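Working notes for the structure below.
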Number of protein chains: 2
Amino acid sequence: MYTIGQVSEMFNLPISTLRYYDKEGLFPGIERQSGIRKFSERELEALRVIECLKKSGLEIKDIKQFMAWCVEGASTYPNRKKLFETRKAIVEAEMVKLQKTLDMLKFKCWYYETAIRDGNEERLNEMAPDRFPKEIQELYDNAHS
Amino acid sequence: MYTIGQVSEMFNLPISTLRYYDKEGLFPGIERQSGIRKFSERELEALRVIECLKKSGLEIKDIKQFMAWCVEGASTYPNRKKLFETRKAIVEAEMVKLQKTLDMLKFKCWYYETAIRDGNEERLNEMAPDRFPKEIQELYDNAHS
DNA sequence: CATTGACATGAAGTTAGGTTTAGGTGTTAC
DNA sequence: GTAACACCTAAACCTAACTTCATGTCAATG
């Protein structure tokens, strides 16, 4: 059993955030001893799932729904499975987009290295994309597709 | 040359967003014909960079700074190069985190598939992580590291 | 020549996800 | 017995990035 301060340290989250999550119903049935929250292993696992679902782009109110399903029991296994499958697909799509962003950034790094070497962008701006070095062209193509 | 409506279609962005970006100084020196914005290839490339930098987590005010550097000329190449290198490092770190999130989601998908087959979570909750199937254990380990 | 549709403006409104503030309780240390 | 801490609440506040609103201009169409 942990206090809110200990959990705050463990997860590197402000105490105010943990209280906010609790107020939003993200720790249904959390125990209290004379008003003070007692975080058990159940709440720590909830917090791991909260961070994961948040990172997947899920809103707090929908995370609350998930936590309610957990309380409801075995009848909601299909809902919970479907939720994770949807989030998985969304994050996979997000990874593809982020890879494009990364390729654009890498291209721009090369672009400015070259501009610095040349002293200007003239040669670069007159160069057709198919005359970039092969690996740079791949970055450019992925970033612009 | 394109109107704001055409650019809105091309980039799938609301017109209000394009006007907001202009107001924030993200299209320095955009041309106007009797009050109406004329988007040239320069503004389209700016927009591509805006989307890329935004996705990398950069704030509008810092994107504005970048656009100001572009106007300033060759003396700011080092600043611009450094900006892209920093964003690149940030996005690479983000990709690692997102992969962990994805592994957690995949683990949870397996977890609920198994719970549905078992009809309950009892066996799962008593199972030590090192008794999960090998590929599941890898997901679990990466997600919890 | 009036209506439609695309453009323009400044100012106010919206939203999510917290954070801060003001005031209070309870336990341990000196 | 008082000072320092860690905890508590409700309510107000904050921020970024848009979005909506009220109002107006202008060109082409029926």
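From a predicted model like this one, the values you see are computed outputs, not experimental measurements.
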Euclidean distance, atom [atom1] of residue [X] to atom [atom2] of [N] [Å, nearest integer]:
| X | N | atom1 | atom2 | value |
| --- | --- | --- | --- | --- |
| I4(B) | dC18(D) | CD1 | P | 14 Å |
| D22(A) | dT9(D) | CG | P | 7 Å |
| I63(B) | dC18(D) | CD1 | C1' | 14 Å |
| I36(A) | dC8(D) | CD1 | P | 6 Å |
| L58(B) | dA17(D) | CG | C1' | 14 Å |
| Y20(A) | dC14(D) | OH | C1' | 13 Å |
| I15(A) | dC5(D) | CD1 | P | 14 Å |
| K61(B) | dA16(D) | NZ | P | 7 Å |

Nucleotide nearest I60(A) (side chain, heavy atoms from C-beta), chosen from dC18(D), dG17(C), dT19(C):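 Given the options dC18(D), dG17(C), dT19(C), the side chain of I60(A) is closest to dG17(C).
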Nucleotide of dT9(D), dG17(C), dG18(C) approaching T17(A) most closely (side-chain heavy atoms):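 Closest nucleotide among those given: dG18(C).
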Remember a base hit wins even if backbone is also touched, and classify [X] as base, sugar-phosphate or nothing at under 4.0 Å, heavy atoms.
| X | answer |
| --- | --- |
| T3(B) | sugar-phosphate |
| R19(A) | base |
| K54(A) | sugar-phosphate |
| S16(B) | base |
| E24(B) | nothing |

Side-chain H-bond candidate by donor/acceptor type, D103(A) with Q99(A), under 3.5 Å: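 Present: a donor and an acceptor within the cut-off.
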Donor + acceptor pair across side chains of Y112(A), E85(B) (<3.5 Å):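 Result is no, nothing qualifies.
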NZ or CZ of K108(A) within 45° of Y111(A) ring axis and under 6.0 Å: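 Yes.
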Of F39(B) and K23(A), the one whose closest DNA chain C nucleotide lies more 5':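 Looking at the nearest nucleotide for each, F39(B) comes out on the 5' side.
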Any Y21(B) side-chain nitrogen or oxygen under 4.0 Å from OP1 or OP2 of dC18(D):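 For dC18(D), OP1 or OP2 has a side-chain N or O of Y21(B) closer than 4.0 Å.
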Residue-phosphate contact under 4.0 Å: R37(A) side-chain N/O, dC8(D) OP1/OP2: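 R37(A) to dC8(D) OP1/OP2: side-chain N or O found under 4.0 Å.
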Identified side-chain hydrogen bond (donor to acceptor under 3.5 Å, both in side chains) partner of S40(B) from the options K38(B), R42(B), E43(B):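 Exactly one option meets the side-chain hydrogen bond (donor to acceptor under 3.5 Å, both in side chains) with S40(B), and it is E43(B).
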Cluster overlap Y20(B) with L44(B), hydrophobic side-chain contacts below 4.5 Å: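 Y20(B) and L44(B): one cluster.
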